[in-house]
Each structure stands twice: as structure tokens, then as C-alpha cells.
Amino acid sequence: MSHVPSVAGAILELLGRHGVTRAFGIPGVHNLPFWDADTESAPRIVGVRHEQAAGYAADGLYRATGDLGAALLTSGPGAANVVAAFGEAFVSGSPVIVLASEVGQSLRSANGPRGILHEMTNQGAMFEAFGATARRARTRQEAIASTVLALREAWGPPPAGSYIGIPTDVLGEEWTAAIPHIPRMPTHGADPHDISTLAELVEASPRIVLWLGGGVVSAGVEAGARALAHRLGAPVITSYAGRGLLAGDPLLVDAPVHEPEAGALLADADLLLIVGSSFDGMNTKNWRLPLPRRRAAMTLGRMIEETVDLDCLISADLALSLPALAETLDDRGVADRDPWADASSIRPRVVTRLLDDPRTQPAMTWVQQVDAGWPAEAAVVCDMAVGAYWYGGYSSQPRARRLQYPVGWGTLGYALPAAIGPASVGIPTLAVCGDGGPMFALGELATYAQESLPITLLIVDDGGYGMLRFDQQAFGHPERGVDLLTPEWGALGMAFGIGVERVDHVSEIAAALGRAHQANLRGEPRLVVWSQALFPPRTTSPRWFES
């Protein structure tokens with residue numbers, strides 16, 4: 001007798017057949033059909049200790065690999081718990097698919113709530129607040145159709161996450177129809193007139209800076225962006241999401257644009273060409289960077305329309321629009337140009353200055369130690385913490401998708417649970433945290449240990465919320481709520497069976513990370529702790545406008 005899957009099983013099979021290998025979640029009374037599912041191609045479900053971690057892990061998996069991940073949640077508080085993680089993912093362009101049960105159709109009243117466990121009037125509205133699509137399936141056919149549409153949105157372009165709510169009684173119904181195959185939808189290139197307008201701007205601008213963002217990564221067009229930069233002799237600045245693009249290239253400005261040397265180069269250009277970036281506030285000092293008079297963009301998404309005035313905006317698939325621009329430049333006879341500025345000299349100048357400043361020398365040395373100690377093929381996930389701000393902005397990244405830095409929405413507590421995503425597919429992952437952020441998700445250390453995840457949690461312990469402490473000092477506020485009791489990390493690690501190494505001096509960090517990485521390769525998570533208060537970098541808002 002053949003096995004007939006439930007709707008939940010059919011959804012998982014559908015996801016698995018279309019490339020989803022991991023889902024993250026917690027079983028609850030209303031979503032048990034997901035855990036009961038037994039289908040051939042379903043993604044492996046990684047159990048976490050808090051629903052927020054399910055969203056962060058799916059986000060971390062996508063940023064590290066480009067693979068989709070799903071969060072499987074129960075209704076009411078289960079769905080509500082993932083909202084912060086979904087917000088960070090959605091704003092950052094990570095297409096996390098949230099699949100949540102809702103209370104049973106048979107129990108609902110047409111006149112409003114009646115006191116059912118986990119009942120909400122409109123559970124999906126929490127996700128719509130970000131501009132995401134929330135689909136509320138009321139039949140098994142709608143549940144499968146909603147999953148199809150969610151996959152298409154996740155593939156993009158641009159990639160986008162969404163929410164699907166399915167009543168628990170519908171999740172448990174049998175699914176006897178075929179599992180649909182979803183063809184990829186054709187994409188459309190840019191309007192030829194817009195490409196021509198951009199080509200005219202390029203031709204008239206001898207000093208161009210390219211600003212490359214995460215859209216270049218998700219579209220897989222790094223080679224095209226590199227070719228354009230070399231054709232135009234254009235220095236390249238990357239957003240945080242674009243870090244690692246053009247690694248080692250002489251045209252790369254491998255330093256934050258917040259630093260004066262990089263900012264001066266940008267201001268000296270006569271055209272800024274933004275490619276695959278939303279040009280958000282954290283990357284641009286809330287759009288108060290000195291910018292060239294002429295600006296143009298090739299990107300997807302409407303957010304950039306609300307940022308700065310643009311002389312030309314091309315909203316189209318980069319895989320089509322970049323070649324179209326190159327062809328139009330050929331047609332116009334635009335010759336290859338020599339670089340107009342020495343981009344490769346900027347990073348050494350910035351690093352030397354930071355190492356010569358007693359305030360910033362420990363932090364820049366710390367960045368160099370982490371760079372030296374953690375291998376290029378492994379992943380790095382940063383939290384919202386002073387040490388992570390330094391590493392997120394000032395490290396030298398050897399490739400795209402290696403570094404994750406959660407400044408899309410800015411969620412403290414990101415790194416510890418997000419590291420579960422790449423580690424779940426065998427990628428050794430370094431989670432760079434302060435001592436405050438891990439407290440949001442200490443329960444996930446149990447996930448680390450139970451799943452034998454190759455994760456090293458690197459903690460810079462400054463006794464509290466170091467960035468907020470600096471904010472209070474900078475703005476003349478009394479220091480309140482920022483000095484925290486933190487765990488005895490060795491005892492904490494022992495409680496979960498995780499080895500802990502305490503580092504006494506910054507010069508020991510690289511070697512400690514090397515030992516931790518070797519343990520990770522054996523499937524053993526590790527904690528490395530350094531007690532140090534670091535001065536914040538210029539990428540943090542209290543320092544944006546220092547003279």
C-alpha cells in the first residue's frame with residue numbers, strides 16, 4: 001500500500017525538489033504534520049531552541065551559500081517569535097520562507113476571535129509590515145499554490161522572502177495530487193533607452209566610481225562587474241553585502257567609505273554608478289556622504305528610489321543589463337580607460353593610520369589576527385557588537401559570501417543563531433560577538449552540541465553593551481543599562497559540552513582560532529573568549545561626522 005503524504009509532507013517535498021536542503025524550526029501542537037512528514041526529497045529539519053533562531057539560521061544559510069532555507073513554525077507565539085529574524089533577512093535581501101501553522105479552520109468563527117489557543121486575527125500582518133507578501137492558505141490547493149509562489153519570489157530577481165500561513169487541520173490533510181514542477185520564469189532586460197542614457201553618462205564622465213552591492217552577489221555577475229570596472233578604469237567600493245567582491249583586484253577600495261581616504265576618492269569622482277545595491281543609510285552615513293554630482297544605478301527593488309537623486313535608474317536583471325551596457329558602450333566606440341585613481345593604495349594607508357592611533361590600534365590588530373587565523377573557505381557571521389563592527393568593515397575578505405554583517409535591520413543577537421545555517425551544511429563558521437548578543441540565544445549552544453555543528457563562537461567581552469556605552473559617553477548621557485553580568489564562559493561551555501579557550505592577549509587570537517577550526521573539522525563546536533573593551537570604528541554612527 002503506497003504512502004499518501006499530508007499537505008505538510010507535500011510542501012516539504014515540493015521545497016526539496018526545488019533545491020531547499022535545510023529547514024529550521026521547533027515542533028508545536030499545531031505544526032506537527034511537518035515533523036510527521038516522510039517524503040523522499042524533503043529538506044532535513046534542523047531543530048532549534050527558539051523560533052527566532054530558525055529565521056536567523058535560514059538567513060545565514062542563504063548569505064553563505066545562496067541556497068534557500070525555510071523556517072517551520074507553530075501558530076501564534078511561534079510565528080511572532082521569528083519576526084525580528086525575518087525583518088533582518090527581508091531588509092537585507094535574504095529570501096527566507098516562513099511556513100507557519102495557523103489555528104484550525106474548523107474552530108474559527110467568522111465573527112472574530114473566540115479564544116482558541118494561539119489564535120490571532122491576522123497572523124500574516126506581522127510580516128506584511130516589512131512589505132513582504134503574506135499568503136493565508138485556507139485549502140490544501142491554496143497551500144501548495146502558495147508554496148509555488150513563495151519559491152518564485154525567493155528565486156527573484158530580486159530574491160524576496162515571504163510568509164505562508166496554513167491552518168493546522170489543512171496541514172494534516174492528505175495530498176493525493178502530483179507535486180508540481182516549477183519552471184524558472186524568464187526575466188526581462190532593461191529598456192534600451194535607459195541603457196543608452198546610462199552609456200551617455202558614462203561616456204561623458206572620465207572619473208567613475210563603481211559601488212557594488214549584494215545584488216551583484218545574488219545575481220552571480222561578479223565577472224561582469226569586474227569587466228565593467230576595468231573597462232572604465234573605475235575604482236570599486238563595495239557595500240557591506242558586497243564585501244569580498246573583486247578580492248585582490250587593484251581597482252578595489254578595500255576599506256570602508258566612512259574613512260576619509262575612501263570618502264575623498266568618492267567625492268572626487270564625476271559619476272557614481274551603483275550596481276546591485278539599495279544604497280541604504282548605514283552604508284552612506286544616512287546619505288550624507290559627499291557624492292559626485294552625477295549618480296546612476298543599475299539595481300532591483302524600490303528602496304533606492306527613496307535615497308538620493310539619480311540621473312538614471314535602471315531596474316532590471318543584472319545578468320541582462322550589464323551585458324547590454326557593455327554592448328552599447330561598444331556601439332558608441334567608448335574605449336577602455338586607464339584607472340584614474342590608485343584604489344589599491346587606500347587600504348594600506350587606512351590600516352597604517354589605524355595602527356598608529358593608540359585608540360584604534362588594539363581593534364585593527366584584532367582584525368588582522370582574525371584574518372590570519374580563520375581560513376578563507378570558512379564563513380564568518382558578525383553580530384551587532386564593537387569587535388564585529390571592526391571585523392565587518394575592516395577585514396580583508398577573500399571572496400563573496402564569506403562574511404555576514406546584519407546591518408540591514410540591525411538585529412542584536414544575530415550571529416550565534418545565524419551561524420547554524422552555514423554550519424548545518426558542513427561549512428565551518430565563525431560567529432563574532434560581544435558578550436551581550438549571545439545572551440539573546442544561549443539556548444542555541446544546545447543546538448551546536450546536539451547537531452555537532454562546526455561553529456566557533458568568538459566573544460569579545462567588554463562587560464556589557466560596549467557600543468551603547470560609547471553612545472552614552474559621546475552624547476553626554478549617564479551610563480545606565482549597559483554594564484551587564486555575563487556568564488563564566490568556561491562553565492557555560494562545560495554545561496553544553498563545548499570546549500572554551502580564553503585568550504589573554506590579542507596576539508594569541510589567530511592561533512586560538514586555528515585550534516578551534518581544527519576542532520570544528522571534527523564536528524566539535526568551540527568558544528574563544530577575549531576580554532577587551534575596543535574603541536568603535538568610524539563606520540558606527542556616533543563617529544560618522546568626526547573632523
- Message: I want to check something: taking the side chain as every heavy atom from C-beta on, are T238 and V253 in contact at a cut-off of under 4.5 Å?
- Response: no
- Just checking, any donor-acceptor pair under 3.5 angstrom between side chains of N31 and S101? no
- Message: For the CD atom on E40, are there more than 12 heavy atoms of other groups (residues, nucleotides or ligands in this structure) within a distance under 6.0 Å?
- Response: no
- Item | L457 side chain near P525 side chain, heavy-atom distance below 4.5 Å | no
- Note on the structure: When rounded to the nearest 0.5 Å, the distance separating CG of L313 from OG1 of T299 is 8.0 Å
- Item | Qualifying residue, where the test is side-chain contact (heavy atoms from CB on, under 4.5 Å) with L72 and the options are I97, I26, L99, V46 | L99
- Check for a donor-acceptor pair, side chain of R401 on one end and backbone N or O of Y62 on the other, with a separation under 3.5 Å. yes
- Task: Kindly indicate whether the side chain of P183, heavy atoms from C-beta on, has any atom under 4.5 Å from the side chain of R152.
- Result: yes
- Query: Aromatic ring centroids of F496 and Y448 under 6.0 Å?
  - Reply: no
- Any luck finding a side-chain donor-acceptor pair between H118 and S75 under 3.5 Å? yes
- Message: I need the minimum non-hydrogen distance between A71 and G55, along with the two atoms involved.
- Response: CB-N, 4.3 Å
- Task: Report the C-alpha distance between M298 and L318 in whole Å, list the side-chain angles of each, state the deciding distance to 0.1 Å, and finish with yes or no for side-chain contact (heavy atoms from CB on, under 4.5 Å).
- Result: CA-CA 7 Å; M298 307 171 71; L318 289 178; 4.0 Å; yes
- The reported gap from CZ in F34 to OG1 in T74 (rounded to nearest 0.5 angstrom) is 10.0 Å
- Have a look at Y240 and tell me which of Y405, Y394, Y391, Y389 forms a ring pair (Phe, Tyr, Trp, His ring centres under 6.0 Å) with it. Y405
- Task: Of all the heavy-atom pairs spanning P428 and L521, show the shortest one and how long it is.
- Result: CG-CD2, 3.9 Å
- Query: So, T456 and N520: side-chain donor and acceptor under 3.5 Å apart, yes or no?
  - Reply: yes
- Message: Keeping D383 on the side-chain end and G413 on the backbone end, is there a donor-acceptor pair under 3.5 Å?
- Response: yes
- Query: Closest approach of I498 and L445, non-hydrogen atoms and distance?
  - Reply: CD1-O, 3.7 Å
- Query: When rounded to the nearest 0.5 angstrom, what is the spacing between CG in L320 and OG1 in T187?
  - Reply: 4.0 Å
- Message: Can you confirm whether L151 sits close enough to L68 that some side-chain heavy atom of one is under 4.5 Å from a side-chain heavy atom of the other?
- Response: yes
- Query: Sub-3.5 Å donor-acceptor pair from the side chain of R402 to the main-chain atoms of A378, do we have one?
  - Reply: yes
- Query: Is a side-chain N or O of T429 found less than 3.5 angstrom from the main chain of I427, in a donor-acceptor match?
  - Reply: yes
- Heavy-atom distance under 4.5 Å between the side chains of I144 and I11, does that happen here? yes
- Query: Is the side chain of E142 donor-acceptor paired with the backbone N or O of R138 at a distance under 3.5 Å, no angle test?
  - Reply: yes
- For the side chain of E153 and the backbone of P159, is there at least one donor-acceptor N/O pair under 3.5 Å apart? no
- Note on the structure: All heavy atoms of A400 vs all of V217, minimum pair found to be CB-CG2, 4.1 Å
- Task: Say whether, by atom type as modelled, one donor and one acceptor occur between the side chain of R526 and the main chain of R515 under 3.5 angstrom.
- Result: no
- Here the pair of heavy atoms bringing G78 nearest to L73 is O-CD1, 3.9 Å
- Task: Let me see the working for Y465 and L412 under side-chain contact (heavy atoms from CB on, under 4.5 Å), right down to the final yes or no.
- Result: CA-CA 10 Å; Y465 296 134; L412 178 60; 3.9 Å; yes
- More than 12 heavy atoms of other groups within 6.0 Å of M282 CE: yes
- Query: Which of parallel (below 30°), tilted (30 to 60°) and perpendicular (above 60°) describes W530 and W366?
  - Reply: parallel
- Query: Hey, are the side chains of S239 and W211 touching, using non-hydrogen atoms and a 4.5 Å cut-off?
  - Reply: yes
Report, one line per pair, each donor and acceptor closer than 3.5 Å where one atom sits in a side chain of residues 416-424; sequence neighbours left out.
{"residue": "S424", "atom": "OG", "partner": "G421", "partner atom": "O", "Å": "2.6"}

- Atom pair CD1 (I45) and CZ (R22), whose distance is rounded to the nearest 0.5 Å: 11.5 Å
- Message: Would you say that V29 contacts T168 through its side chain, given a criterion of any heavy-atom pair below 4.5 Å between the two side chains?
- Response: no
- Query: Ion pair present between E259 and R347, side-chain N to carboxylate O less than 4.0 angstrom?
  - Reply: no
- Salt bridge between R399 and E222, side-chain N to carboxylate O under 4.0 Å? no
- Query: Considering only heavy atoms from C-beta outward, does the side chain of H30 approach that of V103 to under 4.5 Å?
  - Reply: yes
- Message: Main chain of F279, side chain of S277: is a donor-acceptor contact present, judged purely on distance under 3.5 Å?
- Response: yes
- I would like to know whether W374 and H517 meet side-chain contact (heavy atoms from CB on, under 4.5 Å); could you show each step before the answer? CA-CA 7 Å; W374 195 249; H517 179 253; 3.7 Å; yes
- Could you tell me the separation between the CG atom of L251 and the CD1 atom of I237, rounded to the nearest 0.5 Å? 12.0 Å
- Query: Is there a donor-acceptor pair under 3.5 Å between the side chain of E88 and the backbone N or O of W409?
  - Reply: yes
- Query: When you look at CZ of R302, are more than 12 heavy atoms from neighbouring residues, nucleotides or ligands closer to it than 6.0 Å?
  - Reply: no
- With a 3.5 Å cut-off and no angle check, do the side chains of D371 and S396 form a donor-acceptor pair? no
- Query: For A177, does its backbone N or O pair with a side-chain atom of W175 as donor and acceptor, under 3.5 Å?
  - Reply: yes
- Query: When rounded to the nearest 0.5 angstrom, what distance separates CD1 in I166 from CG in L171?
  - Reply: 5.0 Å
- Which atom names give the shortest non-hydrogen contact between A247 and Q397, and what distance separates them? CB-O, 3.5 Å
- Item | Stepwise side-chain contact (heavy atoms from CB on, under 4.5 Å) check, H258 with K285 | CA-CA 8 Å; H258 308 72; K285 301 183 183 179; 3.9 Å; yes
- For residues E444 and Y56, is any side-chain donor paired with an opposing acceptor at under 3.5 Å? no
